[in-house]
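Right, one structure below, let's go through it.
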Amino acid sequence: MATIMEYLPLLMLAPLSVLIVSDFRRREVSVMWLLILAIGTVCIPMIQDGGSEVLERSCLNLLLILYMSTGIVLWGWVKARKFVNPINVYIGLGDFLFFLTLVPLFPVRQYAWLLVACMGFSLVWWGVAAILKNKSPKNVPFIGTSGIVLACVILCKVLFE
């Protein structure tokens with residue numbers, strides 16, 4: 001028999017759905033909803049897995065983000081012959097903060113796969129939008145598409161584990 005603890009991650013779907021809808025409609029998200037999601041992504045794993053586990057995975061996932069950010073900066077430097085801030089050029093601040101809020105949720109390997117799945121789904125969404133509109137969209141609602149992937153992951157973990 002399942003306990004209430006196993007269903008706690010479903011609470012994250014409420015702020016996540018608000019962020020998804022907001023990003024698709026207005027291409028902006030509220031810091032308040034990011035903060036509410038962040039509280040859930042810290043508190044729920046701490047309740048389920050314990051503080052030391054969450055701290056360890058958070059540190060490893062932050063190192064992964066730092067590694068990826070360094071790669072993006074170096075790629076931009078090679079491409080443009082100058083250092084650029086990737087948050088201003090390649091990814092929005094909201095997108096960056098969204099992925100920071102997800103740091104405590106998963107072990108590093110699962111977090112890396114989540115990032116790959118989010119980026120892949122965003123590219124698919126961009127391609128479909130380009131075909132349907134007969135032109136390439138200027139930008140992708142990255143929090144919206146990534147939020148859909150995260151919602152699917154949360155639902156699968158709760159329902160099938």
Side-chain angles (χ1 to χ4, degrees), residues 1-51 53-65 67-69 72 86-87 90-133 136-161:
M1 177 177 236
T3 65
I4 192 79
M5 300 293 274
E6 295 172 19
Y7 295 105
L8 280 177
L10 294 176
L11 293 173
M12 289 184 283
L13 294 178
L16 188 58
S17 61
V18 172
L19 291 167
I20 292 168
V21 170
S22 173
D23 196 31
F24 273 106
R25 283 191 181 161
R26 297 190 312 262
R27 295 292 299 119
E28 63 183 36
V29 295
S30 168
V31 173
M32 179 189 73
W33 287 106
L34 276 173
L35 184 58
I36 292 169
L37 180 65
I39 291 168
T41 62
V42 170
C43 293
I44 292 170
M46 285 189 77
I47 291 168
Q48 291 182 325
D49 303 325
E53 173 70 26
V54 172
L55 181 62
E56 178 184 338
R57 73 170 72 142
S58 295
C59 289
L60 290 172
N61 289 339
L62 285 172
L63 284 173
L64 177 64
I65 288 177
Y67 176 75
M68 290 174 59
S69 298
I72 291 170
I87 294 175
Y90 302 115
I91 188 170
L93 178 60
D95 302 327
F96 182 73
L97 293 175
F98 176 76
F99 282 103
L100 280 181
T101 65
L102 306 183
V103 159
L105 277 181
F106 303 103
V108 69
R109 185 170 291 186
Q110 289 179 5
Y111 186 73
W113 279 113
L114 177 74
L115 292 175
V116 169
C118 290
M119 291 175 196
F121 185 66
S122 295
L123 286 172
V124 168
W125 182 91
W126 178 83
V128 169
I131 291 169
L132 293 176
K133 294 181 180 181
S136 297
K138 285 193 271 185
N139 49 34
V140 175
F142 198 39
I143 292 175
T145 55
S146 299
I148 291 170
V149 172
L150 179 61
C152 291
V153 168
I154 289 171
L155 287 170
C156 286
K157 284 186 90 163
V158 168
L159 296 175
F160 301 115
E161 280 189 6

When rounded to the nearest 0.5 angstrom, what is the spacing between [atom1] in [X] and [atom2] in [Y]?
X    : Y    : atom1 : atom2 : result
L102 : M12  : CG    : CE    : 9.0 Å
L105 : K157 : CG    : NZ    : 8.0 Å
L35  : L97  : CG    : CG    : 10.5 Å
L16  : L150 : CG    : CG    : 5.0 Å
L159 : I154 : CG    : CD1   : 11.5 Å
I47  : C43  : CD1   : SG    : 6.0 Å

Does a side-chain heavy-atom distance below 4.5 Å link [X] with [Y]?
X   : Y    : result
L10 : L155 : yes
V29 : W33  : no
R27 : D23  : yes
V18 : I36  : no
R57 : P45  : yes

Does any N or O in the side chain of [X] come within less than 3.5 Å of the main-chain N or O of [Y], such that one atom is a donor and the other an acceptor?
X   : Y    : answer
E6  : V158 : no
D49 : M46  : no
T41 : A38  : yes

Could you go step by step and tell me if L8 and L11 meet the side chain to side chain contact (heavy atoms under 4.5 Å, CB included) rule?
CA-CA 6 Å; L8 280 177; L11 293 173; 3.8 Å; yes

Locate the shortest heavy-atom distance separating I20 from G147; write the atom from each residue and the value.
CD1-C, 3.4 Å

At their closest point, which heavy atom of V54 faces which heavy atom of P104, and how far apart are they?
CG1-CB, 3.7 Å

Output all residues satisfying side chain to side chain contact (heavy atoms under 4.5 Å, CB included) with E28, sequence neighbours left out; order by chain, then residue number.
R26

Do any pairs count as a side chain to side chain donor-acceptor pair (under 3.5 Å) and have a residue in residues 114-124, sequence neighbours left out, and if so which ones?
S122-T145

Per the ring pair (Phe, Tyr, Trp, His ring centres under 6.0 Å) rule, what does the pair list look like for residues 97-128, sequence neighbours excluded?
F24-W125, F99-F142

Side chain to side chain contact (heavy atoms under 4.5 Å, CB included) between L60 and V103, intermediate numbers included:
CA-CA 9 Å; L60 290 172; V103 159; over 6 Å; no

